[in-house]
Number of protein chains: 2
Amino acid sequence: MAVTLKDVARASGVHVSTVSRAFSAAHLVNARTRARVLAAADELGYRPNRAARALSTRRTGNLGVVVADIANPFFPPLLKAAQEEARARDHHLFIADTDERTAVEEEAVRSLAGQVDGLVLAAPRMSDRLIRELAAEVPLVVVNRRVRGLPCVLMDVGGGIARAVARLAALGHRDLALVSGPAASWTGRRAARAAGAAAREHGVRVHRVGPHPPTEEGGAAAFDAVAGLGATAALAHNDLMALGLLAAARERGVPVPGRLSVVGVDDSLTARHTRPALTTVAMPAGEAGRAAVDLLLRGAAPRDLVLGTRLVERDSTGPAPRAQA
Amino acid sequence: MAVTLKDVARASGVHVSTVSRAFSAAHLVNARTRARVLAAADELGYRPNRAARALSTRRTGNLGVVVADIANPFFPPLLKAAQEEARARDHHLFIADTDERTAVEEEAVRSLAGQVDGLVLAAPRMSDRLIRELAAEVPLVVVNRRVRGLPCVLMDVGGGIARAVARLAALGHRDLALVSGPAASWTGRRAARAAGAAAREHGVRVHRVGPHPPTEEGGAAAFDAVAGLGATAALAHNDLMALGLLAAARERGVPVPGRLSVVGVDDSLTARHTRPALTTVAMPAGEAGRAAVDLLLRGAAPRDLVLGTRLVERDSTGPAPRAQA
DNA sequence: ATGAAAGCGCTAACAG
DNA sequence: CTGTTAGCGCTTTCAT
């Protein structure tokens, strides 16, 4: 049985309410009494019972992060930073993996709602309407998606994609394939729009391929469509899909970047290590995780925070192949 | 304000305790009353307050996982599986990242102890003594380390390493470098012992290099020592360190596996994609995560569960180079 | 500055 | 089978 306020009270000869105050309202208690209480608490190894505290204050000291897939390399840095920030501010962090299933997202939020002071929704797939409805039950901060009326941490994928398109155009590419991930991905829609605009600006064409699951398999599955289009460069929804594209290209004997240039999004660990090393739009996932927690804890107003991205050029992109009948 | 038992009681015309029983002791209540209560609850969107329930039952419905580094690719699959298993059994999962710092481990356990029904310690660095002491405060299951008196989920790294040594010996290697990670790593000690035994058996030598941090940087830092030893093959503590070794080799112009064979441990995503693709000891991290949660929830006896590993041979290992003065 | 008492939402004897 | 009561550990009025 853990040591409670009552034990500390007994040990220090004061009433429980005084002990309580010694912890959560220091200024309301005589400095010397407080010192005595704290000493006793320390001696006994007292740890406040968070559940009990939550019951009476309605603040739990917990936060949660809901992600689509912990194993997708985009998320671990986000989770790590979020948990770091949470801990630095004396909060614990729940984690929920929805396995890319929309229904699970809603359930995760609802079931966590009562146990947290706020939730970070990372790249949710639910409808805006549902997200807003859920926001009525628990403070929400959304990452990688803009939902009006809620604080959102956005990354400038659009800018990154635009830079990628510009670069590819400069390398002589005229037909780009945009390999998209989940249809419900806000980031994906953003990327598509930016790609379209940049394409017009640079006088190149971009063809949509997909949607496909945002995994290696999804990327590999998209390969034939990309090749069929006669595209000389592919912009993948994320690094994982780009990796799948790379693998399929290798299998089909299509040299990268010789005949096909490939660009990913995320800049995950693997992007650096795969061969050819992947050119990719670096997303500040860690920064986003930290920021999301910060916004939650500050009870931030519903404003968008946009973080920068950059194009990291490696070896999977190169000059367009000479046209050859 | 969330809807409470009281609201449901009022709406269905029974006492709160009946409502409570309708949820947590179905057999103690008339089927028809129960149906009515459930209907009312559903109608109102009632969700039990876990904190309140925890206060009176002393069961929180929460578990926690303490890991050294979420961003280390070994952990995400473990976390994912653990959270999946937890959710399947109606539990929520806290996550704590200790950033490889021992002191943080203890604090994480203590501060989470009151809020969970049990904790998974994944590859902890604390002393056995401390772990046992903490186990008195909260049920613990340890992964990747044997602690007597506690349920442990182990992976047969020893076997994997032995197979790797055997294979390298068969390829003609005579001097192997064992590049170790954190000194406090149980897995690392296990690997070292197994490497030693296998080396004797096959008549080869193994030289210890390290300890180094279990990161790419750590691996890279070990490279010169490995080269200085005249070893023709390196067994790294994990994939991350193996990747560092690979990068350093590339930088120094040492061909892999031409002049140096490299073996990792984990079989992370990156191991498959790096070039040369990494030969590695595959660790069943997901299985371990799931098993750990299962043991926790079953209140398992302090027995060891050992999961198998296998050697995945890819392109970073090959025949030993011909001796040349 | 401290004590007393009520109450957060729920469960668990105990009656009936 | 259901209502009553007490209490989980803590905070928070309200007195004093």
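All values derive from a computational prediction rather than experimental measurement. A note on names: the letters A, B, ... follow the listed sequences, proteins ahead of strands, and every chain is numbered from 1. Reckoned from all heavy atoms, side chains included, excluding hydrogens, waters and symmetry mates.
- When each of T18(A) and V3(B) is assigned the nucleotide of DNA chain C with its nearest heavy atom, T18(A) is the one assigned upstream, toward the 5' end.
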Write out a two-atom table: protein N or O, nucleotide N or O from nucleotides 6-8 of chain C, distance below 3.5 Å.
from: dC8(C); atom 1: O3'; to: R58(A); atom 2: NH2; distance (Å): 2.9
from: dC8(C); atom 1: O2; to: S56(A); atom 2: N; distance (Å): 3.4

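- Nearer to the 5' terminus of DNA chain D, by closest-nucleotide assignment, is the contact made by V16(B) (compared with the other of A51(A) and V16(B)).
- Of all the residues in residues 109-117 of chain B, not one reaches under 4.0 Å from DNA chain C with any non-hydrogen atom.
- Under 4.0 angstrom from either OP1 or OP2 of dG9(C) there lies no side-chain N or O belonging to R53(B).
- P48(B) approaches R53(B) most closely through the heavy-atom pair CB-NH2, 3.4 Å.
- Contacts between residues 32-48 of chain B and DNA chain D, defined by a heavy-atom separation under 4.0 Å, are made by T33(B).
- Using a 4.0 Å cut-off between a side-chain N of Lys or Arg and a carboxylate O of Asp or Glu, E84(A) and K80(A) do not qualify as a salt bridge.
- Between R290(A) and D294(A) no salt bridge is recorded (no basic side-chain N to carboxylate O distance below 4.0 Å).
- Contact of the L55(A) side chain with the L55(B) side chain is registered, since non-hydrogen atoms from C-beta on lie closer than 4.5 Å.
- Within 6.0 Å of CD on E133(B) lie more than 12 heavy atoms contributed by other residues, nucleotides or ligands.
- In this structure, V66(B) and V120(B) have side chains that are not in contact, with every pair of non-hydrogen atoms separated by 4.5 Å or more.
- A salt bridge does not link R47(A) to D7(A): none of the charged side-chain nitrogens sits closer than 4.0 Å to a carboxylate oxygen.
- For P213(B), the side-chain contact (heavy atoms from CB on, under 4.5 Å) partners are T215(B), not counting sequence neighbours.
- Within a 6.0 Å radius of CZ in R59(B), no more than 12 heavy atoms belonging to other residues, nucleotides or ligands are found.
- Rounded to an integer number of Å, the gap from NE2 of H15(B) to P of dA13(C) is 17 Å.
- Contacts with DNA chain D (heavy atom under 4.0 Å) in residues 21-30 of chain B: R21(B), L28(B), V29(B), N30(B), listed by number.
- In this structure, the side chains of H91(B) and N62(B) stay at 4.5 Å or more apart for every pair of heavy atoms.
- D128(B) has no carboxylate O lying under 4.0 Å from a charged side-chain N of R148(B), or vice versa, which leaves the two without a salt bridge.
- For R10(B) and dG9(C), the CZ to P distance is 11 Å, given to the nearest whole Å.
- The side-chain heavy atoms of V3(A) and V8(A), taken from C-beta on, include a pair separated by under 4.5 Å.
- From the 5' end on, the contacts that DNA chain D makes with chain A at under 4.0 Å to a non-hydrogen atom open and close at dG9(D) to dT13(D).
- Here R87(A) does not pair with D97(B) in a salt bridge; the nearest charged N to carboxylate O distance is not below 4.0 Å.
- Ion pairing of R50(B) with D90(B) is present here, as a side-chain N (NZ or NE/NH1/NH2) and a carboxylate O approach within less than 4.0 Å.
- Under the 4.0 Å criterion applied to side-chain N and carboxylate O atoms, E105(B) and R101(B) are not assigned as salt-bridge partners.
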